[in-house]
Amino acid sequence: QVQLVESGGGLVQAGGSLRLSCAASGRAFSRLAMGWFRQAPGKEREFVGGISRNGYTINYADSVKGRFTISRDNAKNMVHLQMNSLKPEDTAAYYCAADSPEYTWKLHTSTPEYDYWGQGTQVTVSS
């Protein structure tokens with residue numbers, strides 16, 4: 001079983017930055033591909049970005065490309081999401097997710113493909 005705990009959410013003005021972090025435990029971190037998802041009220045949960053087990057495959061949703069950066073620290077069992085140039089439409093609950101694909105380069109981008117989820121952290125961007 002994998003436990004995921006997010007931190008770093010909060011209230012920020014448009015154009016500002018936040019850094020989300022997710023701490024993983026319960027399984028060798030190197031065996032996990034990590035993803036960030038978000039869900040705004042009344043909307044479905046959507047993929048934001050993800051990083052493969054070996055860190056070589058990184059994908060982002062088109063809506064955040066150029067503004068968000070995902071990274072992983074295997075020594076600390078953590079994944080981070082640096083969010084810059086935030087917009088009001090980025091307001092949502094942000095969730096860390098993990099799965100354990102066989103291939104180190106594999107990265108999934110849809111919610112059903114992830115086995116483990118954190119509780120979420122709220123990000124609110126004011127205009």
Side-chain angles (χ1 to χ4, degrees):
Q1 195 74 355
V2 175
Q3 293 79 43
L4 303 172
V5 179
E6 303 98 335
S7 61
L11 173 64
V12 64
Q13 288 188 333
S17 299
L18 282 175
R19 186 188 193 218
L20 304 184
S21 297
C22 174
S25 61
R27 183 171 294 181
F29 191 64
S30 61
R31 301 287 298 174
L32 300 176
M34 304 299 296
W36 285 97
F37 291 76
R38 67 186 181 187
Q39 188 167 18
K43 295 187 177 182
E44 293 188 354
R45 192 169 296 188
E46 63 175 2
F47 176 77
V48 174
I51 186 167
S52 62
R53 287 174 53 193
N54 61 12
Y56 292 158
T57 304
I58 297 176
N59 285 337
Y60 299 98
D62 288 343
S63 58
V64 306
K65 281 181 181 177
R67 301 188 297 122
F68 290 12
T69 303
I70 191 169
S71 60
R72 65 186 295 154
D73 185 341
N74 285 352
K76 295 183 178 180
N77 294 354
M78 296 191 74
V79 63
H80 306 285
L81 183 67
Q82 178 67 42
M83 305 186 296
N84 298 329
S85 302
L86 282 161
K87 305 175 181 180
E89 50 264 44
D90 295 317
T91 295
Y94 282 70
Y95 297 89
C96 176
D99 75 339
S100 51
E102 177 181 359
Y103 301 108
T104 58
W105 49 264
K106 185 69 175 178
L107 179 63
H108 296 127
T109 60
S110 62
T111 53
E113 294 170 312
Y114 282 82
D115 301 315
Y116 307 101
W117 293 84
Q119 293 298 309
T121 185
Q122 179 66 34
V123 171
T124 302
V125 184
S126 63
S127 57

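Note that these values count all heavy atoms, side chains included, but never hydrogens, waters or copies made by symmetry. Every value quoted in this text rests on a predicted model; they were computed, and no experiment measured them.
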> Atom CZ of Arg19 and atom CG of Asn84: how far apart are they, to the nearest 0.5 Å?
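It comes to 11.0 Å.
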> How far apart are the closest heavy atoms of Gln119 and Glu6, and which atoms are they?
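Result for this residue pair: N-OE1, 3.1 Å.
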> Determine whether Lys87 and Asp90 satisfy the following criterion, salt bridge (charged side-chain N to carboxylate O under 4.0 Å, His left out), listing intermediate values before the conclusion.
CA-CA 5 Å; Lys87 305 175 181 180; Asp90 295 317; over 6 Å; no
> Please tell me if the side chains of Val12 and Thr124 come closer than 4.5 Å, counting only heavy atoms from C-beta onward.
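With C-beta onward as the side chain, the pair stays apart.
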> Does Met83 reach the side chain of Ser17, with side-chain heavy atoms less than 4.5 Å apart?
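Answer no - side chains too far apart.
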> Yes or no on side-chain contact (heavy atoms from CB on, under 4.5 Å) for Gln39 and Glu44, after CA distance, side-chain angles and deciding distance?
CA-CA 6 Å; Gln39 188 167 18; Glu44 293 188 354; 5.5 Å; no
> Ignoring hydrogens and angles, write down the donor-acceptor pairs under 3.5 Å from the side chains of residues 101-111, residues two or more places apart or on other chains.
unit_1, atom_1, unit_2, atom_2, d
Thr104, OG1, Asn54, ND2, 3.2
His108, ND1, Asp99, OD2, 2.5
Ser110, OG, Glu113, OE1, 2.6

> For Phe29 versus Asp73, what's the shortest heavy-atom pair and its separation?
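Looking at all heavy atoms of both residues, the closest pair is CE2-O, 3.9 Å.
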> Would you say Tyr116 and Met34 are hydrophobically clustered, going by side-chain heavy atoms of ILVMFWY under 4.5 Å?
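Yes, Tyr116 and Met34 fall within the same hydrophobic cluster.
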> Can you confirm whether the side chains of Ser71 and His80 place a donor and an acceptor under 3.5 Å from each other?
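Result is no, nothing qualifies.
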> Using a 4.5 Å cut-off on heavy atoms from C-beta on, say whether the side chain of Cys96 contacts that of Val79.
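SC-SC contact between Val79 and Cys96 confirmed.
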> Do Leu20 and Val123 make a side-chain contact, defined as non-hydrogen atoms from C-beta onward lying under 4.5 Å apart?
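Yes - at least one pair of side-chain heavy atoms lies under 4.5 Å apart.
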> In chain order, what residues pass the side chain to side chain donor-acceptor pair (under 3.5 Å) check against Tyr95, with sequence neighbours excluded?
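None.
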> What closest approach, in Å, do Arg53 and Ser30 show between heavy atoms, and which atom pair accounts for it?
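That closest heavy-atom pairing would be NE-O, 3.0 Å.
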> For Phe47, which residues count as a ring pair (Phe, Tyr, Trp, His ring centres under 6.0 Å) partner, sequence neighbours excluded?
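Ring pair (Phe, Tyr, Trp, His ring centres under 6.0 Å) list for Phe47, sorted by chain: Phe37.
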> Answer with yes or no whether the hydrophobic clustering places Leu18 together with Met78; edges join I, L, V, M, F, W, Y residues whose side-chain heavy atoms lie under 4.5 Å apart.
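No, Leu18 does not connect to Met78 through the hydrophobic network.
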> When rounded to the nearest 0.5 angstrom, what distance separates OG1 in Thr57 from CD1 in Ile51?
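Between Thr57 OG1 and Ile51 CD1, I get 9.0 Å after rounding to 0.5 Å.
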> Partners of Asp115 by side chain to side chain donor-acceptor pair (under 3.5 Å), sequence neighbours excluded?
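Applying side chain to side chain donor-acceptor pair (under 3.5 Å) to Asp115 gives none.
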> Residues in side chain to side chain donor-acceptor pair (under 3.5 Å) with Thr121, at least two apart?
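Expected list: none.
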> Hydrogens and angles aside, do Ser100 and Arg27 bring a side-chain donor and acceptor to less than 3.5 Å of each other?
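Short answer, yes.
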> Side-chain heavy atoms nearer than 4.5 Å, only ILVMFWY residues, links allowed to pass through others: does that put Ile58 and Tyr114 together?
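Not linked; separate clusters.
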> Please test Trp117 against Val2 for side-chain contact (heavy atoms from CB on, under 4.5 Å), starting from the C-alpha separation and ending with a verdict.
CA-CA 8 Å; Trp117 293 84; Val2 175; over 6 Å; no
> Tell me whether Gln122 at atom CD has more than 12 heavy atoms from other residues, nucleotides or ligands lying less than 6.0 Å away.
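Check passes, neighbour count above 12.
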> Should Tyr94 and Tyr60 be counted in the same cluster of Ile, Leu, Val, Met, Phe, Trp and Tyr side chains packed under 4.5 Å apart?
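Yes, one cluster joins them.
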> Is there a path of hydrophobic side-chain contacts, each under 4.5 Å between heavy atoms of I, L, V, M, F, W or Y residues, that connects Trp36 with Val125?
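Yes: a chain of side-chain contacts under 4.5 Å links Trp36 to Val125.
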> Would you please name every residue forming a side chain to side chain donor-acceptor pair (under 3.5 Å) with Ser25, sequence neighbours left out?
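Ser25: side chain to side chain donor-acceptor pair (under 3.5 Å) contacts with Gln3.
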> Would you check if Gln13 and Pro88 make a side-chain contact, meaning some heavy-atom pair closer than 4.5 Å?
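No, every pair of side-chain atoms sits at 4.5 Å or beyond.
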> Do you know the tightest heavy-atom contact between Ala24 and Leu32?
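Shortest heavy-atom contact: CB-CD1, 4.5 Å.
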> Report yes or no: does Arg67 contribute a side-chain atom to a donor-acceptor pair with the main-chain N or O of Gln82 at less than 3.5 Å?
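Judged by distance alone, no pair lies under 3.5 Å.
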